[in-house]
A.B. asks: 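Below is one structure. I have some questions about it.
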Amino acid sequence: MPGAVLEMAGVSKGFPGVRALEGVDLRLYPGEIHALMGENGAGKSTLIKVLTGVHQPDAGEVRLGGTPVSVTGPQHAQALGISTVYQEVNLCPNLTVAENVFIGREPARAGMIRWREIRRRAGELLTRLHVDVDPGALLGSCSLAVQQLVAIVRAVDVSAKVLVLDEPTSSLDRDEVEQLFAVMRRLRDDGVAVLFVSHFLDQVYDVSDRMTVLRNGRLVGEFRTAELSRADLVGHMTGRALSTLEQLHVTGESARVQAEPVLRARGVGRKGAIEPFDLEIHPGEVVGLAGLLGSGRTEAARLMFGADAPDSGTVTLSGDPVALRSPRAAIGRGVAFCPENRKSEGLVEDLTVGENIVLALQAAAGWLRPLSQSRRQELVGRYIEALRISPADPDMPARNLSGGNQQKVLLARWLITRPKLLILDEPTRGIDVGAKAEIQKLVVSLAGDGVAVLFVSAELEEVLRISHKIEVLRDRRLIAEVANTAEITPEGVLEIIANGTTS
Amino acid sequence: GGGSGGDSGKITLGFSQVGSESGWREANTKSVKESAQAAGIDLKFSDAQQKQENQIATIRSYIQQKVDVIAFSPVVVTGWDAVLKEAQAAKIPVVLTDRAVDSDPSLYVSFLGSDFVKEGEAVGDWVLDEYKDATGPVNIVQLEGTVGSAPAIDRKKGFESKIAANPNLKVIASQSGDFTRADGKEVMQAILKANPKIDLLFAHNDDMGLGAIQAIEEAGKKPGVDIKIVTIDAVHDGMQALADGKINFIAECSPLLGDQLMDIVKKIKAGQPVDKRIVTTETTFTQQQAAEALPTRKY
Amino acid sequence: MKTVTGHRLFWPAAVLVVMLLANVVVTPGFLSVQVRGGHLYGSLIDILLFGAPLILISIGMTGVIATGGIDLSVGAVVAISGALACYMISGQDDQGSVPGVLVAVGLALGLSAVLGLWNGLLVARAGIQPIIATLILMVAGRGVAQLITSGKNINVNSPPYKLIGGGYLLTVPFAVLVAAVVVALAGLAVRRTALGMLLEAIGGNAEASRLVGIRSRRLIVLAYTFCAVCAGIAGLMISSNISTADGNNAGLWMELDAILAVVIGGTALTGGRFTLAGTVLGALVIQTLSTTIYTTGVPPQTTLVFKAVVVTAVCLIQSPAFRAKVFRRRPGAPPPDPVASPGPADVEVRA
Amino acid sequence: MTVLGTRTGVRIRRDHVAVLVTLGLLVAMFTAGSIAYPAFGSGQVVIDLFIDNGFLLVIAIGMTFVILTGGIDLSVGAVAALSAMLCAFLLERWHWPVAVVLPLVLLVGAGIGFAMGYVIHHFEIQPFIATLAGMFLARGLCFVISVNQISIKNPFFTEWAQTRIPLPGDMNLTPTVLIALAVLAAAFWTLHYTRFGRGVYAVGGNAQSALLMGLPVTRIRIGAYVVSGLCSALGGVLFAFYTISASGLHAVGTELDAIAAVVIGGTLLTGGSGYVLGTVLGVMLLGTIQTLLRFQGTLSSWWTRIAIGALLLLFIVLQRLLGSSRPGR
Ligand SMILES: Nc1ncnc2c1ncn2[C@@H]1O[C@H](COP(=O)(O)OP(=O)(O)OP(=O)(O)O)[C@@H](O)[C@H]1O
Ligand SMILES: Nc1ncnc2c1ncn2[C@@H]1O[C@H](COP(=O)(O)OP(=O)(O)OP(=O)(O)O)[C@@H](O)[C@H]1O
Ligand SMILES: [Mg+2]
Ligand SMILES: [Mg+2]
């Protein structure tokens, strides 16, 4: 085996109050895809940020091709041949897609940027990855998945020795993931070392050659993927045995149509976002929205919450017609909504974990009626524990939490409002296997308690696992509604999407 | 006849005022407006908000509007050559009011206004005389106007040049009070704390002096007695304080230039010669004189 | 030790103390406070008295800045409020009548509130960028003040009015008491209710706040209104202190001082986390600086340079990044991380 | 293959629309002025707008860079005054040659900008404070150099100040206008056709992302302040040409005018969005309002202010109504 292109040895990194990394080693060889595994908050992103010089390690060193280097920042890392996609999409929303792909390394002649060249080449790159988006569109107007793809396109286009991908697939659906894997394999065959983070075990087993597992900031070990069983991997990651994830499967027969629907939408639509559609959700029912990227799931969900105002149709909530012109109207009637883009639409990074959790409840109560200190502590404490938010410190600023834990904070925020209808847009994005099972269980048990849930996820299996009813979208149109019976499979749903017919 | 005022055969005067930073200035503006009306002159008025660039632009705009005469109170002394030459090229006569400029005198017809240095000197003379018998040191506090402004610079210069004659007269503290009452009070209050013995206060205008009087009273001293006060301007409030014995001496700086200005404008239009330098009729007031003059003061 | 210096208010407080001590060196009696003429007398009292208007305005400004806005019009509101009150009082036959003064004060504060409402609506309803929305009132408002006073000083001779900015209650300057009460009330409103958290949420992430159902518009309007009322009270104090309304100069450039106070106190101009206690300290630092300049006799032409040096020093010393780079330069010590270095906010003990 | 609809490029064009709306309103205001005051409608009045506001334009262009990065620069007016003062002092008191003085002055401006940018970036001091300190310092230095106003007698300066370039139709303009236009062209080119310029937008859009994307954020951010310092210094020189003098009281409050011009021109104070051409329109608007009031000519000082505020309000409200609504509304 040739020598490692990149080695990290004994890396430690502490933040005030947290030891994020403790003597971690990592070796990357050319021509391999290496998975970095661990629960939420295990230190994966931190390790990557140390690797690319965003954080300076407290101890330990980074060796590139055998020589120790001190990486001063992402720019330096790029110059050293390390190309990175960070966990949260880190691009500029105010620039166009094409520019985001090329900024910092624009083709120029005599110091003058060649715009036409940029647009042409960006178009080519995007098509090669099968991303169909206008390169001249503002990035901020694209869905999160597209943004993630753009970030990947950008990173992949740099001919680098090391390609680092921190949860690149969290918003992508099967097709996109396949495209990405194809690119990763091609790069691997060209001798690039790829470091890959994902919470999807299937993906990891599908694509990676070796893996490094972290737990609580410490190195558990380095394994060949082929030699490690899933159960063992989960055991290594969590320090516990694999939970009863597989047993969870609800079926459609328990559909509770007898009661008055919590939500009834008739011909609700919004120009340019989603065509008018009908939808009913009953108490205790989990309705899944399935579709490919950009099929309009997020838009449909947002309309049900009043996050965007619909321009046609009527909505009745618990039997009363309501004008959903603002989120407040929806919240007042017991609707809750976890947006998919937690960074820009969910979290208030300045506030503490505790404050973020009580924010929705407090907003509903108004500023004059503050939650009492004790009630607040009790609520926050309960949900930090229930969702295993770590670190379990309610006074920690939310920005310091790992991505997965931030997602849990947002869930907690809405759960404490005891909603009648809970709209979850990609609630398990970036959440580790254990926690994902917890959340799925939670959703099922909420439904058991009579809460209606509208569940959006890019992961079809997940949708199938917990919903009673599945709404299938394509090209921003609701094309089918299917009861989730035992014979429905992910492939079957894909079939519906492809043919556009109800089976 | 000018373009905009031509129809009636009336004289059009473009007047660019410095701004509206004080009561004094307001009295000045009012005087110009009233006199223009009385004299049947069509007045174009513009407030430059203390900005020279605004004033230059205004003069230029008056040239565009083809007024008959341009008058302005320059914000600063320097920097008028170019625009004055433009006016000259457009054959529009220019009169300066209140403050002088350092341009070539051939560029304007006349300067009507006070001499700030002289005002400072007048105060200095009074102080010299008042303390001519002093044996020990006389501690003087000076409240300056806005740093860099012409009145502040010149009044300070005039005053200090005079009191230099008597080595006993010492300025122990000199701070800017920005020509305002509030700042005058605040600054004086601080100075009072730091300097236990103050004999005389010279404020560059009445407003600062009036503010300082309040500070002195609050410190438990008697203004005009424990600390003698001399100021410049002679606005109504200042004259009242002078008559009340709280101020000891004021050198007048009259804002009432309107009538004189209109006279000059008319003369210019009539082709009569006017003096290059017309000093406004100004005087000084002691407490006695103030009490007498007060009933007839216009501002 | 670490926790003391780590406290968000440590550095502004330290700066204030150092400035006071520096004064003592130059003017030995600086800290002495005596009772003279039935009230407290001394430089410290002056600082509090003259600082009271600034403290008030800065407190109001803090609320606005927390929402991610800014209010340039406070100086104009100061002028308007003082002008209106003095105009009303000067028109009364008996200037000393308490009801008359109360009516004047009430009207002035009412008008201030309306002006704040106007600002708030322009920002929250019309969606105009705060700096421009309030610039309109900054320019026009000064004109309104001059319109009320006709560009002259309006003198009043009213003992009850004089109390507001120049009087004493139980030997303590009334203005200081007013400022203290407003600060206390604001503190209570902000931390005993959920107001503070909601304002911080709006300033921290406006879109998230909307999606979480916060009535952002109302709260923003409230913040601007409160700010203007604070400025209105400050305007009363300033005019009352000298018994004169100066529509031309009252409150001129005060918005800059107020913003500076807020920022020195440790609140970021980008909105979000804020601290009222820090703002009060910041305002005191600025007022102490002016008083220092006057008492130590810094020549007027170098005043600004002196101010620049002090402000720079204050900010540098407060900056964790600066301290880390300059003071703790151990060999091999890690430079602070450039992205998410925890600011003082992260270690704050909530005020 | 999936079909990914995007919210298309409409937004970008909307941004352009905003600038066009501003332009349209400006023209409308100008037309209204010409109808009310016949002399107002002459070409020379338009040129005078540029002559009278040339220095403000240059300063506002520098400010645009800083605001695009999400910062703010309060020091511009003071730096302009300082550079005019330095010019006057070095030329008149020390009799240095113009060829030395001008580059030196520009260098000082850039240096002050650099110092502020350095402090802002490396010591994480808020731009507002750092540049406010810069403003105090620069203005203070003016007075330290000379409390008195200094008149510039240097032949080069006086020559330039009085040079008029004749145009057809009995109009003329000054060389300073050409300089301002050249700066405008350079700024436009820099912002849209250089890496530095695109970096300015990126940093303003999201500084942390820009850093993670490997952009030289340090250089860009400090660079923006250097540009602003340089523009302020140049603005100061133009001011010195304009007034052939220097005073510590010159250009007081110019920072607010510049910021207002930039923001009225459609640039977001939060950074990342805006055009330098919008800034030109903003400067023109402020100038037009002033000119209108000069032609009106009967307002008292306070009604002048109230009228400025009212016209500004009218303009901005119309701009909002006719222009795009911002995202997130
Ligand atoms: N800037 C910071 N300040 C303080 N603590 C931090 C900071 N960044 C990360 N942490 C903490 O470091 C730990 C590791 O976080 P990291 O983001 O590396 O986790 P992760 O493995 O990437 O998790 P996830 O799968 O949820 O993304 C967490 O406990 C987190 O709270
Ligand atoms: N306001 C809008 N104007 C125009 N187009 C929009 C608007 N909102 C969304 N779109 C487009 O509509 C499509 C549907 O987007 P949406 O985010 O709802 O997709 P999704 O099914 O949730 O997929 P994803 O997994 O990408 O979130 C996207 O292509 C998006 O760019
Ligand atoms: Mg992570
Ligand atoms: Mg979606």
Side-chain angles (χ1 to χ4, degrees), chain B residues 2-4 12 14-21 25-26 29-30 33 42-67 75-83 85-86 89 101-103 144 146-150 152-154 156-157 176, chain D residues 37-40 42 44-45 48-49 51-53 55-56 81 84 88 139-140 142-143 146-153 158 160-164 174 239-254 257 287 290-291 293-305 308:
Chain B
S4 44
T12 311
F15 181 71
S16 167
Q17 180 62 286
V18 177
S20 53
E21 74 280 11
R25 183 65 59 198
E26 179 41 31
T29 302
K30 205 166 149 206
K33 284 189 170 171
D42 196 2
L43 181 72
K44 288 247 164 214
F45 173 84
S46 173
D47 180 326
Q49 291 145 29
Q50 261 102 346
K51 290 185 181 169
Q52 183 175 23
E53 62 270 29
N54 281 355
Q55 225 166 6
I56 293 180
T58 304
I59 295 170
R60 216 167 250 148
S61 138
Y62 288 152
I63 298 174
Q64 286 295 317
Q65 298 179 47
K66 303 193 172 65
V67 299
V75 178
V76 292
V77 179
T78 53
W80 302 99
D81 290 13
V83 72
K85 278 189 186 146
E86 278 174 43
V101 301
D102 72 345
S103 301
E144 301 179 18
T146 306
V147 179
S149 68
I153 295 169
D154 290 350
K156 181 177 164 132
K157 190 158 73 184
S176 167
Chain D
Y37 313 105
F40 189 88
S42 80
Q44 187 63 39
V45 171
D48 278 354
L49 271 182
I51 296 178
D52 295 330
N53 295 296
F55 83 101
L56 179 60
R139 202 157 289 284
C142 284
F143 292 123
S146 165
V147 178
N148 289 302
Q149 296 136 24
I150 302 179
S151 220
I152 302 177
K153 304 271 187 256
T158 45
W160 261 66
Q162 282 152 35
T163 307
R164 287 294 171 142
T174 58
F239 199 87
F241 278 132
Y242 188 57
T243 62
I244 351 177
S245 70
S247 154
L249 292 177
H250 272 160
V252 172
T254 302
D257 289 342
Q290 296 276 355
T291 312
L293 295 177
R294 270 173 215 131
F295 274 80
Q296 206 283 337
T298 60
L299 294 182
S300 64
S301 305
W302 38 91
W303 282 113
T304 306
R305 285 176 199 273
I308 294 176

A.B. asks: Would you mind checking which part of Leu49(D) comes under 4.5 Å of any heavy atom in chain B, side chain (CB onward), backbone (N, CA, C, O), both or neither?
C.D. replies: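 For Leu49(D), neither part sits under 4.5 Å from chain B.
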A.B. asks: When rounded to the nearest 0.5 angstrom, what is the spacing between NZ in Lys30(B) and OG in Ser300(D)?
C.D. replies: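 Lys30(B) NZ to Ser300(D) OG: 12.0 Å, rounded to 0.5 Å.
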A.B. asks: Report which part of Asp48(D) has an atom under 4.5 Å of a heavy atom belonging to chain B: side chain, backbone, both, or neither.
C.D. replies: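 Only the side chain of Asp48(D) comes within 4.5 Å of chain B.
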A.B. asks: For the CD atom of Glu53(B) and the CZ atom of Phe239(D), what is their distance to the nearest 0.5 Å?
C.D. replies: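 Between atom CD of Glu53(B) and atom CZ of Phe239(D) there are 4.0 Å.
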A.B. asks: What's the shortest heavy-atom distance between Leu299(D) and Phe45(B), and which atoms?
C.D. replies: O-CD2, 3.1 Å
A.B. asks: Among Ala246(D), Ser151(D), Ala39(D), Ala161(D), which residue has the highest count of heavy-atom pairs closer than 4.5 Å to chain B?
C.D. replies: Ser151(D)
A.B. asks: So what's closer than 4.5 Å to chain B heavy atoms on Phe143(D): side chain, backbone, both or neither?
C.D. replies: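 For Phe143(D), the side chain is the part near chain B, not the backbone.
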A.B. asks: Which distance, rounded to the nearest 0.5 Å, do you find between the OG of Ser247(D) and the CD of Gln52(B)?
C.D. replies: 7.5 Å
A.B. asks: Over all heavy atoms of both residues, which pair between Gln149(D) and Val77(B) is shortest? Give the atoms and the distance, please.
C.D. replies: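 Nearest pair, atom of Gln149(D) first, then Val77(B): OE1-N, 2.6 Å.
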A.B. asks: Output the option from Gln17(B), Lys33(B), Gln50(B) having the highest count of non-hydrogen pairs under 4.5 Å with chain D.
C.D. replies: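 Sorted descending by pairs with chain D, the first entry is Lys33(B).
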A.B. asks: Chain B heavy atoms under 4.5 Å from Phe55(D): which part of the residue, side chain, backbone, both or neither?
C.D. replies: side chain
A.B. asks: Distance from His250(D) atom NE2 to Lys51(B) atom NZ, nearest 0.5 Å?
C.D. replies: 12.0 Å
A.B. asks: Counting only heavy atoms closer than 4.5 Å, note whether Leu249(D) contacts chain B via side chain, backbone, both or neither.
C.D. replies: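 The answer is the side chain of Leu249(D).
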A.B. asks: Output, in order, the C-alpha distance, side-chain angles, deciding distance and verdict of side-chain contact (heavy atoms from CB on, under 4.5 Å) for Ser301(D) and Arg25(B).
C.D. replies: CA-CA 11 Å; Ser301(D) 305; Arg25(B) 183 65 59 198; over 6 Å; no
A.B. asks: To the closest 0.5 Å, what do you measure between CZ (Phe295(D)) and CD (Gln64(B))?
C.D. replies: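 Here the rounded value is 6.0 Å.
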A.B. asks: At a 4.5 Å cut-off on heavy atoms, which part of Leu43(B) comes close to chain D: side chain, backbone, both, or neither?
C.D. replies: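 Interface part for Leu43(B): backbone (N, CA, C, O).
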A.B. asks: With a 4.5 angstrom heavy-atom cut-off, which part of Ser146(D) approaches chain B: side chain, backbone, both or neither?
C.D. replies: neither
A.B. asks: I'd like to verify something: which residue of Thr29(B), Asn54(B), Val83(B) has the highest number of heavy-atom pairs under 4.5 Å with chain D?
C.D. replies: Asn54(B)
A.B. asks: State, with a plain yes or no, whether a side-chain heavy atom of Ser245(D) is found less than 4.5 Å away from one of Trp80(B).
C.D. replies: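 With C-beta onward as the side chain, the pair stays apart.
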A.B. asks: Are Gln49(B) and Gln290(D) side-chain neighbours, meaning at least one heavy-atom pair lies under 4.5 Å?
C.D. replies: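 Side-chain contact under 4.5 Å: yes.
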A.B. asks: Could you look at Val147(D) and say if it's the side chain, the backbone, both or neither that has a heavy atom under 4.5 Å from chain B?
C.D. replies: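 For Val147(D), backbone and side chain are both near chain B.
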A.B. asks: Measure Thr304(D) against the heavy atoms of chain B and call it side chain, backbone, both or neither at under 4.5 Å.
C.D. replies: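 Answer is side chain: those atoms of Thr304(D) sit under 4.5 Å from chain B.
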A.B. asks: Who among Thr254(D), Thr158(D), Ile150(D) has the most heavy-atom pairs with chain B under 4.5 Å?
C.D. replies: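 Heavy-atom pairs under 4.5 Å are most numerous for Ile150(D).
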A.B. asks: Hey, does Asp102(B) have a side-chain heavy atom less than 4.5 Å from the side chain of Lys153(D)?
C.D. replies: yes
A.B. asks: Say you draw a straight line from CD1 of Ile244(D) to OG of Ser103(B); how long is it, rounded to the nearest 0.5 Å?
C.D. replies: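 Between Ile244(D) CD1 and Ser103(B) OG, I get 7.5 Å after rounding to 0.5 Å.
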A.B. asks: Grab the two heavy atoms, one from Arg294(D) and one from Ala57(B), that are nearest each other, plus how far apart they are.
C.D. replies: NH1-CB, 3.5 Å
A.B. asks: Any idea which heavy atoms bring Ser20(B) and Arg305(D) closest together, and the distance?
C.D. replies: OG-NH2, 3.7 Å
A.B. asks: side-chain hydrogen bond (donor to acceptor under 3.5 Å, both in side chains) with Ser46(B): which residues, sequence neighbours excluded?
C.D. replies: none
A.B. asks: Among all residues two or more places apart in sequence or in another chain, which pass the salt bridge (charged side-chain N to carboxylate O under 4.0 Å, His left out) test with Glu26(B)?
C.D. replies: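 Listed in chain order: nothing, the list is empty.
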